[in-house]
Visitor: 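Sending over a structure as structure tokens; questions will come in a sec.
Reminder, nothing fancy here: chain letters follow the sequence lines and each chain counts from 1.
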Protein chains: 2
Amino acid sequence: MKTCHHPRPEVSELPELTRRLREQSRKITGPRQAILDLLQAHPHPMTNKEIHAALAGEGCDLATIYRSMHLLVRMGMVKRYYFADRVARFELVTQNRSGHHHHLVCTQCAEVVEIEECFPTELEKKIAERNGFKNITHSLEFFGLCPACQTD
Amino acid sequence: MKTCHHPRPEVSELPELTRRLREQSRKITGPRQAILDLLQAHPHPMTNKEIHAALAGEGCDLATIYRSMHLLVRMGMVKRYYFADRVARFELVTQNRSGHHHHLVCTQCAEVVEIEECFPTELEKKIAERNGFKNITHSLEFFGLCPACQTD
DNA sequence: CTTGATGCAAAAATTTTGCAATTAA
DNA sequence: TTAATTGCAAAATTTTTGCATCAAG
């Protein structure tokens, strides 16, 4: 895994997120703050195991992480991704970065790049109509060899 | 899950597949034939559990199915998909149906429709170049409510 | 015969759950 | 005060592995 910078966003979104938690009569606990903090600082999909490892300092139980991720996904604050390996990865949904976007993942070192492009809307609409489906969405991820790994 | 027809292809691809197995000094055993038969008759991604259940008659061990799918994927005879639920699904790669295609899956009843459309090649190339990636591929699946489930 | 494959059972890995104790509101 | 949350341990799943036996080539 490559090192990569995780610049904190200009404005933290945590106040807004905690507000929404409170709104649902959820509590702002240590573990939850730590998880949200981490996800904000690391704007790429993370597995529960990675989150657990990263939070080794504060000692947050793995079960708590599983439960938190379920909750955050249910509340729409986190989006769950599946890349090539049946492991769920979680990424914070922020106002800066739209909830819907895609990733380009290095098959060697797992580096992740966020992608602007999306599947053409008209084409998707056509697919939905031709098959009579409603409320169509898609999952789309790219895989390849990143620059650094091409030389190895 | 909706019932769906599984018309056998005009020409069975099994002889070719078994030939390739033999070529790799693999053996054509009962379980393997049953699995290939099943995958050919059911041209949609199936989970190992589904395969195991479908083969309840011949009594094929689940461990054997796991091992077989690993082998078949490694040999390129089967393609592995991940839909929305972190469960691996396997589909036979045939000459009729190209190995690369996508699916439209009903979020309610799990019906699967095969999709012709693909992510635009030029756009993908652009993404690869802009990020300096090589050997880029993608996974792309669509989700929505199928006609039957819209009335429920 | 020889080597790969199978079934079975055990082990490993992953995810969920029950519950008493804790803590935010 | 009280309702949600946590940690811990146990349970439930899912996947892999060791090994003696079996069978395809």
Visitor: Can you list, by residue number, the residues of residues 59-74 of chain B that have a non-hydrogen atom closer than 4.0 angstrom to DNA chain D?
Guide: B/Ala63, B/Tyr66, B/Arg67, B/His70
Visitor: Could you tell me whether the side chains of B/Ser12 and B/Gln40 share a donor-acceptor contact shorter than 3.5 Å?
Guide: yes
Visitor: Show me the pairs that pass side chain to side chain donor-acceptor pair (under 3.5 Å) and involve residues 27-36 of chain A, at least two apart or across chains.
Guide: none
Visitor: Does B/His103 have its ring centroid less than 6.0 Å away from the ring centroid of A/His138?
Guide: no
Visitor: Other than B/Ile115, what residues sit in its cluster of Ile, Leu, Val, Met, Phe, Trp and Tyr side chains whose heavy atoms are under 4.5 Å apart, directly or through others?
Guide: A/Leu104, A/Val113, A/Ile115, A/Phe119, A/Leu123, A/Ile127, A/Phe133, A/Ile136, A/Leu140, A/Phe142, B/Leu104, B/Val113, B/Phe119, B/Leu123, B/Ile127, B/Phe133, B/Ile136, B/Leu140, B/Phe142
Visitor: Can you list everything that forms a salt bridge (charged side-chain N to carboxylate O under 4.0 Å, His left out) with B/Glu91? Sequence neighbours excluded, please.
Guide: B/Arg97
Visitor: Of all nucleotides in DNA chain D with an atom under 4.0 Å from a non-hydrogen atom of chain A, which is the first and which the last going 5' to 3'?
Guide: D/dA3 to D/dT15
Visitor: Going by heavy atoms in the side chains, are A/Met69 and A/Leu39 under 4.5 Å from each other?
Guide: yes
Visitor: Please collect all salt bridge (charged side-chain N to carboxylate O under 4.0 Å, His left out) contacts where either partner lies in residues 127-142 of chain A, sequence neighbours excluded, each pair once.
Guide: A/Arg130-B/Glu117
Visitor: Taking salt bridge (charged side-chain N to carboxylate O under 4.0 Å, His left out) as the test, write out the residues that go with B/Asp61, two or more places apart.
Guide: none
Visitor: Under the ring pair (Phe, Tyr, Trp, His ring centres under 6.0 Å) rule, collect the residues that match up with B/Tyr82, sequence neighbours excluded.
Guide: none
Visitor: Check the orientation of B/Tyr81 and B/Phe83. Use parallel for under 30°, tilted for 30 to 60°, and perpendicular for over 60°.
Guide: tilted
Visitor: Among all residues two or more places apart in sequence or in another chain, which pass the ring pair (Phe, Tyr, Trp, His ring centres under 6.0 Å) test with A/Phe143?
Guide: none
Visitor: Below 4.0 angstrom, which residues in residues 16-33 of chain B have at least one non-hydrogen atom near DNA chain D?
Guide: B/Arg22, B/Lys27, B/Ile28
Visitor: Among residues at least two apart in sequence or on other chains, which ones pass salt bridge (charged side-chain N to carboxylate O under 4.0 Å, His left out) with B/Glu23?
Guide: B/Arg19
Visitor: What does the inter-axis angle of the helix from C/dC1-D/dG25 to C/dA25-D/dT1 come out as, five pairs per end, nearest 10 degrees?
Guide: 40°
